[in-house]
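Atoms within a ligand are numbered from 1 in the order they appear, just like the ligands themselves. Keep in mind that what you see is a predicted model, and the values were worked out from it rather than measured.
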Amino acid sequence: MNGHRIASVRGTPLRIPVDFSWLGVKKSRSASMCLVEVKTDTGIVGHGLTQHIDARAIIPQIALAEKAILGLDALANERAWHVLYWTLSGSAQAQYSSWAISAIDTALWDIKGKALELPVWKLLGGARNRVQAYATIGVPGASSEELVEAALRLKEMGFTSFKTQVGRPGLDHLKGQKPLRDIIREDAKRIKALRDALGDDAELGIDAQCRLDLMHALELVRLVEPYGVDYFEEPLVENDVLLMADMRRRCAMPLHAGQSEGLASRFRDMLINNAVDVLQPNIAVAGGFTQCARIAGLASAFNTPINGGNYFWHIAHLQAGVAAGTTVEYQTGAAKACEAIFSSLPQLNGDWLEMTDMPGLGFEPVPEFVREFTIT
Ligand SMILES: [Mg+2]
């Protein structure tokens with residue numbers, strides 16, 4: 001009936017410099033992301049994105065995907081998702097295919113919203129019209145003093161909830177690393193400094209990004225016990241479901257996980273094993289809005305909330321849209337990278353983001369900025 005057929009799919013690898021001096025941290029890094037543009041034969045253009053340590057790795061997947069979904073109904077997102085999954089993955093693996101599917105699926109939801117003149121969060125269910133943000137003070141290599149400075153600036157901006165990284169470099173650097181025991185002791189000192197600076201009322205979480213083993217994760221929980229840490233995100237290597245379930249039985253600190261997962265069945269396994277308190281499906285990694293809506297439905301059936309990030313303005317649509325949604329992560333580096341390429345991003349009011357009625361995602365990449373940060 002309709003003519004909204006997929007006419008082209010294009011991926012652009014970007015590297016965007018991010019300066020943290022606005023947070024009082026003398027560090028600059030770059031954010032790597034792959035921006036995907038999908039066009040329909042009716043002239044609607046949608047955009048999605050995904051992250052990767054080198055976004056160029058995603059481009060061959062996007063090219064394969066284009067061949068598979070050209071001519072499909074752009075509004076039939078479940079059908080497109082199915083074709084993408086079996087074209088790019090078709091096995092028990094996720095990884096690159098999941099990243100590529102995430103970006104394309106997000107672009108298709110942007111198109112669906114524009115075609116139907118509705119924002120994505122309403123298409124997903126419109127559970128709430130504003131979402132609260134939490135700020136991640138995640139600047140690798142920052143000193144305790146710099147972290148405190150950054151936290152105080154974010155507090156001044158209106159944030160009341162904070163998260164910081166622990167366990168770096170942890171298990172990901174096997175040569176010449178410090179013992180994990182020393183790493184978590186330094187973490188505990190940083191947590192104490194942050195709690196002292198932020199006061200007792202602020203929510204403060206920690207995130208090991210899957211870099212600890214069970215023994216050291218439990219030891220870190222014990223070390224930070226006096227500082228009122230509110231939750232522990234992705235404490236254990238591989239998000240090992242059975243170990244997380246064990247950890248959850250052995251400590252009172254709530255566990256969050258799932259930000260880097262690509263398969264819905266992994267989230268199911270976390271739920272049926274009572275491994276987590278909060279699930280974190282990430283639209284830029286898990287397979288876009290289509291897959292995250294499935295995971296959010298699973299979470300609802302287990303009366304378990306979802307939250308997370310890291311592309312704040314994109315993921316706000318998920319958190320606002322679905323019943324299980326709660327808070328959205330304002331990851332300072334990723335947020336600045338998005339501000340560098342997108343126009344008309346809605347601004348926070350304190351730590352709340354009011355959702356708008358702009359169709360689709362409600363914001364657009366600026367072509368000249370995209371060109372400036374494109375890598376070859
Ligand atoms: Mg995380």
More than 12 non-hydrogen atoms from neighbouring residues, nucleotides or ligands closer than 6.0 Å to CD on E238, yes or no?
-> no
Does L243 have any side chain to side chain contact (heavy atoms under 4.5 Å, CB included) partners at least two apart in sequence or in another chain, and if so, which?
-> L214, L236, D240
Does the separation of the ring centres of F162 and Y134 fall below 6.0 angstrom?
-> no
Residues at least two apart in sequence or cross-chain that pass salt bridge (charged side-chain N to carboxylate O under 4.0 Å, His left out) with R130, listed by chain then number, are E354
Atom CG of D182: over 12 foreign heavy atoms under 6.0 Å = yes
Please list all pairs passing the ring pair (Phe, Tyr, Trp, His ring centres under 6.0 Å) test where one or both residues lie in residues 356-376, with sequence neighbours left out.
-> H314-F363, F342-F363
Counting only protein N, O or S atoms and ignoring waters, those under 2.8 Å from the Mg ion (ligand 1) are D207 OD2, E233 OE2, Q259 OE1
